[in-house]
Colleague: 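Let me begin by handing over the structure; questions about it come next.
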Number of protein chains: 2
Amino acid sequence: MNLQKAWGILKENGFKETTKRNQILEIFEGDERYLTARDILDVMQKDYPSMSYDTVYRNLATFVSLDILEATELSGEKHFRMHCESDHHHHHFICMDCGKIKEIPLCPMDMLGAALPAYEIDNHKFEIYGKCPDCK
Amino acid sequence: MNLQKAWGILKENGFKETTKRNQILEIFEGDERYLTARDILDVMQKDYPSMSYDTVYRNLATFVSLDILEATELSGEKHFRMHCESDHHHHHFICMDCGKIKEIPLCPMDMLGAALPAYEIDNHKFEIYGKCPDCK
DNA sequence: TTTTCCAATAATAATGATTACGATTTACTA
DNA sequence: TAGTAAATCGTAATCATTATTATTGGAAAA
């Protein structure tokens with residue numbers, strides 16, 4: 001997703017255009033890795049030394065709820081990245097060295113068949129961890 | 001896994017048999033749900049009011065490292081349960097209401113094919129979340 | 001442009017999970 | 001049964017995250 005599309009979604013939902021918000025989005029646009037709230041704060045505080053955690057967390061939550069960002073939990077910390085452009089459902093390989101991801105086109109739910117009769121399935125997580133060719 | 005087998009592993013690795021350790025294992029043996037460190041402490045403090053977090057966390061980490069317990073991260077908290085008996089690799093459906101699990105016999109890695117050439121795959125996570133028939 | 005309104009932010013403080021550490025106790029060994 | 005290393009206690013520190021309240025700033029109306 002790019003900045004323009006993100007702002008379209010934000011505007012549609014009545015969110016104001018602020019410089020901080022914009023800069024957070026710019027960080028994600030220019031970085032394909034999964035980033036933590038702290039990562040964002042560290043970058044932002046170069047320009048805005050008084051930037052607070054609250055602002056970071058609040059905006060990250062907003063972005064996730066609007067599907068501008070996607071989130072996952074890696075080793076106990078929430079990590080965020082721009083939502084994928086791809087329109088089809090997919091999963092991710094995540095490089096534990098550089099944090100970059102690669103899309104995996106398959107979804108295990110397709111092969112589930114009748115393995116869970118009478119169960120209510122609300123969600124699923126499939127992620128592969130390792131090292132990308134560059135880091136190997 | 002049962003208590004006896006767990007103690008076999010612990011003894012093999014030079015760990016001492018203590019009442020606390022034993023009681024933590026008993027809790028897991030009698031509960032098929034994923035439990036948190038706090039869950040364990042709450043139960044233990046009925047018998048040992050002075051039981052400390054350190055003891056709980058240290059032992060949970062020990063048990064996981066010896067494959068006596070398995071761990072997963074659910075909504076930001078580490079959860080633990082007895083390692084499955086099944087000898088074949090599998091994954092879990094987890095009921096977000098009661099915490100009980102159901103084994104899923106399939107593994108998406110089998111269908112991965114050549115989707116990740118030149119990548120080093122160290123680990124993967126596949127979990128399905130929802131409600132079990134009892135909680136639905 | 002100025003005013004006004006309300007969302008957004010700053011500046012903490014609080015919370016909840018986890019880890020750390022010196023002092024003390026306990027389980028095993030000889 | 002005494003010695004020793006491991007285990008535990010008691011407590012404090014740390015780390016991520018959330019909550020609170022006062023203030024600021026964007027945008028629309030006057």
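A, B, ... follow the sequence lines: proteins, then strands. Residue 1 opens every chain.
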Colleague: Which pairs, with at least one residue in residues 25-34 of chain A and sequence neighbours excluded, count as a salt bridge (charged side-chain N to carboxylate O under 4.0 Å, His left out)?
Modeller: D31(A)-R33(A)
Colleague: Not counting sequence neighbours, which residues clear side-chain contact (heavy atoms from CB on, under 4.5 Å) with M96(A)? List them please.
Modeller: I94(A), Y129(A)
Colleague: Does Y48(B) have any ring pair (Phe, Tyr, Trp, His ring centres under 6.0 Å) partners at least two apart in sequence or in another chain, and if so, which?
Modeller: none
Colleague: Considering only residues two or more places apart or on different chains, which pairs with a residue in residues 7-29 of chain A satisfy ring-ring contact (aromatic ring centres under 6.0 Å, His included)?
Modeller: none
Colleague: Round to a whole Å and report the spacing from CE of M44(B) to C1' of dC9(D).
Modeller: 13 Å
Colleague: Distance from M82(B) atom CE to I68(B) atom CD1, nearest 0.5 Å?
Modeller: 7.5 Å
Colleague: The criterion is ring pair (Phe, Tyr, Trp, His ring centres under 6.0 Å); which residues satisfy it with H83(A), sequence neighbours excluded?
Modeller: none
Colleague: Just the atom pairs and distances: protein N or O near nucleotides 12-16 of chain D's N or O, under 3.5 Å.
Modeller:
none

Colleague: Quick one: is R58(B) getting a side-chain N or O under 4.0 Å of the dA7(D) phosphate, OP1 or OP2?
Modeller: no
Colleague: Does dT8(D) have OP1 or OP2 under 4.0 Å away from a side-chain N or O of S50(B)?
Modeller: no
Colleague: Rounding to an integer number of Å, can you tell me how far L25(B) CG sits from dA7(D) P?
Modeller: 13 Å
Colleague: Check side-chain contact (heavy atoms from CB on, under 4.5 Å) between E120(B) and all other residues, then give those that pass, not counting sequence neighbours.
Modeller: K131(A), K136(A), D122(B)
Colleague: List the residues meeting side-chain contact (heavy atoms from CB on, under 4.5 Å) with D87(A), not counting sequence neighbours, and say none if there are none.
Modeller: none
Colleague: Once side-chain contact (heavy atoms from CB on, under 4.5 Å) is applied, do any residues pair with D54(B), and if so which ones, sequence neighbours excluded?
Modeller: S52(B), R58(B)
Colleague: For residues F80(A) and Y34(A), establish whether the separation of their ring centroids is below 6.0 Å.
Modeller: no
Colleague: Going 5' to 3' along DNA chain C, which are the first and last nucleotides with any atom under 4.0 Å from a heavy atom of chain A?
Modeller: dC6(C) to dA11(C)
Colleague: Which pairs, protein N/O on one side and nucleotides 23-28 of chain D N/O on the other, fall under 3.5 Å?
Modeller:
from, atom 1, to, atom 2, distance (Å)
dA27(D), OP1, E17(A), N, 3.4

Colleague: Determine the contact category for D54(A): base if any of its heavy atoms lies under 4.0 Å from a base atom, sugar-phosphate if only primed atoms, P, OP1 or OP2 are that close, otherwise nothing.
Modeller: base
Colleague: L10(B) has an atom CG; how far is it from atom P of dA6(D), in whole Å?
Modeller: 15 Å
Colleague: Taking only residues two or more places apart in sequence or in another chain, which ones pass side chain to side chain donor-acceptor pair (under 3.5 Å) with T36(B)?
Modeller: D39(B)
